[in-house]
Each structure stands twice: as structure tokens, then as C-alpha cells.
Engineer: 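Submitted below is the structure of interest, expressed as C-alpha cells.
In what follows, every heavy atom counts, from backbone to side chain, and hydrogens, waters and symmetry copies are set aside. Model, not experiment: these values are computed from the prediction. Order of the sequence lines sets the chain letters (A, B, ...), proteins ahead of strands, with each chain counted from 1.
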2 protein chains.
Amino acid sequence: MKDPIEYLGPRLKEIRLKTGLSLREIARQLDVSPSFVSQIENGKSQPSVATLYSLAKLLGVPVDVLFEAHGEVVPAPTKSSAEVERGNFEHPMDAWDSSRARISAVNPNNRSVITMDSGVTWERLAATSEGSVNFMEINYEPGAETNKTGELIFHDGFEYGYALDGELEVTIGDLVLQLSKGHSIGFDSSIPHRFRNLGKSPFKGVWFVHGCGIEH
Amino acid sequence: MKDPIEYLGPRLKEIRLKTGLSLREIARQLDVSPSFVSQIENGKSQPSVATLYSLAKLLGVPVDVLFEAHGEVVPAPTKSSAEVERGNFEHPMDAWDSSRARISAVNPNNRSVITMDSGVTWERLAATSEGSVNFMEINYEPGAETNKTGELIFHDGFEYGYALDGELEVTIGDLVLQLSKGHSIGFDSSIPHRFRNLGKSPFKGVWFVHGCGIEH
DNA sequence: TCACGGTGTTAACTAGGAGAGAACATCTGC
DNA sequence: GCAGATGTTCTCTCCTAGTTAACACCGTGA
């Protein structure tokens, strides 16, 4: 039996490529040098347990899978299309300014709307006074995706979603799942993720994003 | 959040003791010095990935287990069907224990359910690892109310709601409003509040309760 | 065409810690 | 008493995790 640790490097690279993150981006997040990440992936060096752990966390996989010899390669590449302009801010909970009201009630035809890339809209469900929170209905038109470049995004905090209508392909780390009416999810937003509507009808969902107030 | 790596040593010791192996025996098997094993268990030193791996293998546990905070390995994530319990706890976000998973996906017929007083149920929408958060679908049968005594309740944190179906009378402070499909609210939970279903059909809504980040 | 930003790779180096080895203080049971 | 377990805490060494270069390779745009 060969040493499973030999596979660690290649395995890491495989998973990283699946997430679409660059080696340098990983390094930036882990606060190590890019060269070191390269050395790890090529088996020229080994991480400490600490970096191994945060590496696994960042990629959204349990540590154990890093020791497994082979994972099946899922294609899931990209597909770019027409260009649109986007609302851009680095964190989804900064989408709206926080209000001062302690109570907020919103009815459906009265919502504040933000239009993102290519058929993605956010409608605010409550004008909260909390700065670190965003409560909204998200809409993905058929073909729409979080990021038209196909890259996965990540940010501090947690995200919770409830599917109201339509279907949504959700990719979190190397986990891919299909969300349909009534399904719900919750996940650590620091795991790289992406949503895509591969179906024929628009997807609607109740979404809740909140930061943990951690700064880096 | 504390560094899970701090737990590694104690966790190892705990598991080792459970297996009945002596520290020196472990050292012999791993081909390292007994003192080093001791240093690891007491957090005075950290193993390399290689020794960490063979350590886990020797103890017969997946590596991930070594990073979990405290005992009770028990992999089962409460997958089974609707378990029914009576709810009494002081704060709605303590309704379920926080899980360790960073990603949680739940489908509608697989939710963990808590039955409250008089026709009120909570169904968990995500087994979050955040302690201060609760993401759920709430159900108010016709005639059901938050508190059958008619009193208003309050607690720390914030609450956000989205009405899926039916009607709900919401009282927050001296504000009374009617929630119907598509309506949404958000409010400071420290304001005394109460919900009542005065209609003829059950009310369903997506609810999100979260504390102010206070640890307990 | 060159410049510039991105990507991943390798070499040379260093500081810190992984791990050794001894000596320590317990407990048994003979 | 001693001989054998157990786990702990020193001190010390040498290896290696992680650095800073500089490297070559794209694209893209001016």
C-alpha cells in the first residue's frame, strides 16, 4: 500500500481546480506565499496541520478526502455569454444600507430591487437596522448564474436559502446540489460557491446572508 | 470561533484512552518517541501531517474527528424522519443543537420538527453550525398563537419572516399587522411580540431568528 | 510591438518547531 | 526493596515549513 500522503498534493490541486480558484488566491486567503501552495500541490513540501486544516476548510471539503487517492472528475466548466453590467460590492450584506427602524414590514409589490449580472435580482425583504444582515428574495432567470465568468465566490459569514419556485444548481466547494421548491440550505459563505439556473423557468428563493463580524 | 487545532491534543488523548492503548504503545506503533506523543496530547507540540494521518489510522478514526471540539463521535446527523419533541426552551434559537456541518441541505419531507403549544410547529431548514442562528419554517394552524395565554414574548436578537401561505396576525409592540403570502418582516425581537392565525387555513412562513452574537 | 497584469514553477535561504533523549515522578505487583 | 509499567518535562538538534526572490508562460490592450 502506498502512502496516502503522496496523494495529498495532487488531490489538493484537483479540488482547487474544481472550485476555479487560482493558486495565488488560495495563498492570499490562507495568508501563505503562492510558491508554498505550489510546492504543496507538487509534493515538494508538506503543510502543517494548521494549514492543512484551513486549506480543507477553504475548499469546503472534510480533511479526509484530501487523503483519498482519487475523486471523480466532474466537468462543470463555464460558459460565458453576453455582457451586462452589474451591481458590484464586495459583500452581499452590503447591498443595502442599514436602516434605523426596529420594525420593518414589506409587501411584495413594494420592494427595493437590485439588479445584478445577467438576470439576477435581489429584492429586499426587510430594512433591518442590523448592519451585518441581509434578508432578501433572490431571482435567477433561466441561464442566469452568480458569476458570468463561472468562478466561485466566497466571503465572510453564513448564508441560508429557501427555494420558493423553479430550480437552482448550487455549487459549494466540490458539492453540487439541485435546489427545488421547498428545499433549503445553510452554509458557511467562506466556502467558495456559485448558483446557476439551468432550468427553463425562473428561480425564486428567500435568502438570508449575514456576516460574523470577523475581520481579516 | 476558537481554533479547532487547539482541540487536537485533548481529542487524541480522549480517543486513545477510549481504545485503552497506552501512550507508549502508540509511540511504539508510530515509531516516534513517547515523549513526543505526550507533547502532542498536551498541545505542547503538533504532529506533521504524516504522523497525524497514521495516528488517526492507528486509532481507527477519520482525521476529521480529531478536529471536533468534544466527545460523542456519533456520525448520524439526525437524518431520520420527523422526530417530534415538545419544545420548551427560553430562546427560539436554542431550539436545535448546533451541528458541526458547514454545509447543510434539507429537503421538505426530511425536516426535523418541533411541536409547540396549540398547533404551532417549527421545522428546521438548515442544521447550521452557528450557535446563534435558527432557520426554520413555522406553521400556525387556524386558531393557533404564539402564546395561548395571550401574552407577548420577547428575547434577544432579531427575527425575520417571509409568508409562504395563509394569513398571520403579527403584533409587535403596539403595531399590529396582517401577513399574507409574499409579505415579509424583520424586527428587533426584544420588542414584545406575538403571532396569531385568525384565518381558516394554516399559515406557513420561512422564519429566521438570530441572536446578537452573544456566546453561551 | 512592448508593457502589464494575470497564471504556475523553482531555487536558495532561514527561523522555528517536530521530534529525540534523557531524567523525572508516579503507580502497580512481586 | 526492585523491576516494570505509566505519563511528564526538561534541553537540544536537525529538519522542514514557509519565505523571498526570480523564473517562464500566457492573455489583453494600447
Engineer: Does a nitrogen or oxygen in the side chain of Thr51(B) sit under 4.0 Å from OP1 or OP2 of dA18(C)?
Structural biologist: no
Engineer: What pattern of brackets, bars and dots sums up DNA chain C from 5' to 3', given Watson-Crick or G-U wobble pairs under 3.5 Å, [ ] for crossing pairs and | for another strand?
Structural biologist: ||||||..||||||||||||||||||||||
Engineer: Taking the side chain as C-beta and beyond, is there a heavy-atom pair between Met136(A) and Val209(A) under 4.5 Å?
Structural biologist: yes
Engineer: Let me know the distance between CD of Gln46(A) and C1' of dC15(D), rounded to the nearest Å.
Structural biologist: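 One finds 12 Å between C1' of dC15(D) and CD of Gln46(A), rounded.
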Engineer: Is there a side-chain contact between Leu52(A) and Leu8(A) (heavy atoms, below 4.5 Å)?
Structural biologist: yes
Engineer: State whether Arg28(A) places a side-chain N or O below 4.0 Å from either non-bridging phosphate oxygen (OP1 or OP2) of dG6(C).
Structural biologist: no
Engineer: Is Ser45(B) side chain donor-acceptor paired with the dG17(C) base, going by distance under 3.5 Å alone?
Structural biologist: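 Looking at the base of dG17(C), it does not pair with any donor or acceptor on the side chain of Ser45(B) (distance under 3.5 Å).
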Engineer: For Phe36(B) and Ser22(B), find the nucleotide of DNA chain D closest to each by heavy atoms; which residue's nucleotide sits nearer the 5' end?
Structural biologist: Ser22(B)
Engineer: Mind telling me whether Trp207(B) and Phe195(B) have parallel, tilted or perpendicular rings, with 30° and 60° as the class edges?
Structural biologist: perpendicular
Engineer: Quick one: the side chain of Arg24(A) and the base of dG6(C), do they pair up donor-acceptor inside 3.5 Å?
Structural biologist: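 Flag unset: no donor-acceptor pair detected.
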Engineer: Tell me: CG of Leu52(A) to P of dT16(D), nearest whole Å?
Structural biologist: 17 Å
Engineer: Return the value, rounded to whole Å, for the distance between atom CD of Glu14(B) and atom P of dG7(D).
Structural biologist: 16 Å
Engineer: Just checking, is any N or O donor in the side chain of Thr51(B) or Ser48(B) under 3.5 Å from an acceptor N or O on the other one?
Structural biologist: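 Their side chains do contain a donor-acceptor pair, which is all the 3.5 Å distance test asks for.
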Engineer: May I ask you to say what Ser33(B) touches in the nucleic acid, namely base, sugar-phosphate or nothing, with a heavy-atom cut-off under 4.0 Å?
Structural biologist: base
Engineer: Could you state the atom-to-atom distance from CG of Asp31(B) to P of dA20(C) in whole Å?
Structural biologist: 8 Å
Engineer: Using a distance-only criterion (donor-acceptor N/O pair, under 3.5 Å, no hydrogens), is the base of dT20(D) paired with the side chain of Ser35(A)?
Structural biologist: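 By the distance-only test, yes, there is a pair.
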Engineer: What does Ser38(A) touch in the nucleic acid at a heavy-atom separation under 4.0 angstrom: a base, only the sugar-phosphate, or nothing?
Structural biologist: base
Engineer: Side chain of Val32(A) only, please: which of dG8(C), dT19(D), dA18(C) is the nearest?
Structural biologist: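 That would be dT19(D).
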Engineer: Parallel, tilted or perpendicular, judged at 30° and 60°: which one describes the rings of His210(B) and Tyr160(B)?
Structural biologist: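 If you compare the ring of His210(B) with that of Tyr160(B), the planes turn out parallel.
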Engineer: So, is Asn42(A) close to the dT10(C) phosphate, meaning a side-chain N or O under 4.0 Å from OP1 or OP2?
Structural biologist: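 For Asn42(A), the contact criterion (side-chain N or O under 4.0 Å from OP1 or OP2 of dT10(C)) is met.
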Engineer: Check for me whether the distance between the ring centres of Phe208(B) and Phe135(A) falls short of 6.0 Å.
Structural biologist: no
Engineer: Using a heavy-atom cut-off of 4.0 Å across all strands, would you classify Gln39(B) as base, sugar-phosphate, or nothing?
Structural biologist: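 Base contact - Gln39(B) has a heavy atom under 4.0 Å of at least one base atom.
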Engineer: Calculate the interatomic distance between Ile40(B) atom CD1 and dG17(C) atom P; express it in whole Å.
Structural biologist: 15 Å
Engineer: For a quick test of reading the model: is some side-chain N or O of Lys44(A) closer than 4.0 Å to OP1 or OP2 of dT9(C)?
Structural biologist: no
Engineer: Is there a side-chain contact between Asp188(A) and Ile172(A), using heavy atoms and a 4.5 Å cut-off?
Structural biologist: no
